[in-house]
Amino acid sequence: MPSTRVVIDVDLPGATISRHLYGHFAEHLGRCIYGGFYVGEDSDIPNEGGIRLDVVEALRELKIPNLRWPGGCFADDYHWRDGIGPRNERPRMVNSHWGDVVEDNSFGTHEFMQLCEMLGADAYVNGNVGSGTVREMSEWIEYLTRADDSPMASLRRENGRDEPWKVPFFGIGNEAWGCGGNMRAEAYADLARQYATYVRNHGDNTVYRIAAGANSDDYAWTDELMKGLGCLGCDGQGSSPYQALSLHYYTMSGSWEAKGSATRFDEDEWYLTLSRAYRIEELLARHSTVMDRHDPRKRVGLVLDEWGTWWDVEPGTNPGFLYQQNTLRDALVASVHFDAFHRHADRLVMANIAQTVNVLQAMLLTDPDTGALVKTPTFHVFAMNTPHHDARALAAHVVDGETRTEDGRELPLLSASASTKDGAALVSLSNLDAGQARTVVLDLRGAEITGFSAQVLTAASTADHNTPENPDAVAPASHDGIRRHERGLEVDLPAHSYLTVSLELA
């Protein structure tokens, strides 16, 4: 069995890993909102105000820090006034991006903010630049967050909500280079400054404004948005019109036209997928480098508010609904991303997996016939990683690790990261080798380890996944393959597995 060493200086903590790196995304797309989060008050499924209670309970296990809504591409078609007031009087619209279905707007601003309150999550509201107006966006943030008798605060009270909400995050459009308007970077940069100016802070609500950033490796887009902020270090300059840029990156084994199957793949596709997932390291590093040229003090944040696997839809489902299964492969795609997030926590301030329920790399799948709720393998990676929330990153150096050349780049077969908080530490280990187990020596320096335990997520097959009939085919289990070693600890890491080691520190 191959042996690899991971060196961790436990007494040298680095940047704080924001809990918001474990954020989520809910778009009016397929069965994410309707049938996922929201079933209506008349449903036989237990609900509060139409919001599914089992979905809320499950997501609270993840300590979900924030939720992005209403899109996505849908955001730049969405006019928020259509989603307030009595539900039976709300105007309908066509959801032209996702299935060309009619949207009745029964889930709108009040329902979303109620959902966030039930989840204990911060709201990340995405505004409409593509087909909206500056006034429309300005009035939405006033409606949401102002406390006095202003016109929008009064309208909110007429609709049943007296006190304003807290909205800490606001997106200035979405994918302006594509579905959000097909704009040039220079044109959008000016609009981002304009629109963000009118997303005002009301009362004690301070908004973190996020400009619609680049697609994948479009570093020129990032450069243009950073130029649009002007001289960040100049004396006398007021606050920036926007405080962060977004980035979108999806993982697939095929092309956009034929992305690959979620459940039917061979070993070559396994490694190709993980190599493409590992590319997030390069993207974060290079976008950060572009930002560093303009902002060496890292005042502007990077937000990866769409990421995850994107497969061909499940056979027999609406192709516009983006419903896909979720296997152990998806779980390891997530774990590889999180290791990269931890390494870039000095610049990366938020990330939102796409999407939370029933769409793309979801945490939860709901069965439309039985109403059953299934937790996916990706859900379990999020759950196992909750101790990383707001912890200090620890550098984890893999020594003598094996690699494999895939898709023109080197893919390490062991991915690792670590963090520390409150007298404890958590080490994350991903064995990306499809068939070979390995032994990992944790070379733990600078602290005395007084206790340890481990959890492992794996399965018989790399394509195993959870269903209503077999909801725990891929589920975490306690792991006894861990023992003391002269350098710290020695861990047996099964093939195609994700494992966390919890450490108690003196």
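None of these values were measured; they are calculated from a predicted model. Atom set for the values below is all heavy atoms of this structure, side chains included, hydrogens, waters and symmetry mates excluded. Quick note: residue numbers are just sequence positions, from 1.
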Verify whether the ring centers belonging to Tyr498 and His380 lie closer than 6.0 Å. no
Arg87 and Asp104 ion-paired at < 4.0 Å: no
At their closest point, which heavy atom of Asp149 faces which heavy atom of Arg157, and how far apart are they? CA-NH1, 4.2 Å
Please confirm whether the backbone N or O of Leu328 pairs with a side-chain atom of Asp330, one donor and one acceptor, at under 3.5 Å? no
Kindly state whether the ring of His337 and the ring of Trp307 have centres lying under 6.0 angstrom apart. yes
So, Ser335 and Ser430: side-chain donor and acceptor under 3.5 Å apart, yes or no? yes
Examine Arg68 relative to Tyr124 and say whether NZ or CZ is less than 6.0 Å from the centre of the six-membered ring and inside a 45° cone about the ring axis. yes
Roughly how far apart are His28 NE2 and Cys73 SG, rounded to 0.5 Å? 14.0 Å
Is it true that the NZ or CZ of Arg329 lies under 6.0 Å from the centre of Trp311's six-membered ring and within 45 degrees of the ring axis? yes
Under-4.0 Å salt bridge between Arg52 and Glu111: no
Going from CD on Glu48 to CG on Leu115, what distance comes out if it is rounded to the nearest 0.5 angstrom? 10.5 Å
With a cut-off of under 6.0 Å to the ring centre and 45° to the axis, is Lys259 in cation-pi contact with Trp310? yes
Assert yes or no for the condition that the ring centre distance of Phe112 to Trp69 is strictly below 6.0 Å. yes
Could Arg200 and Glu142 be called an ion pair, given the rule that one side-chain N must be under 4.0 Å from one carboxylate O? no
Quick test of your reading of the model: are Asp54 and Lys375 salt-bridged, counting only N-O distances below 4.0 Å? no
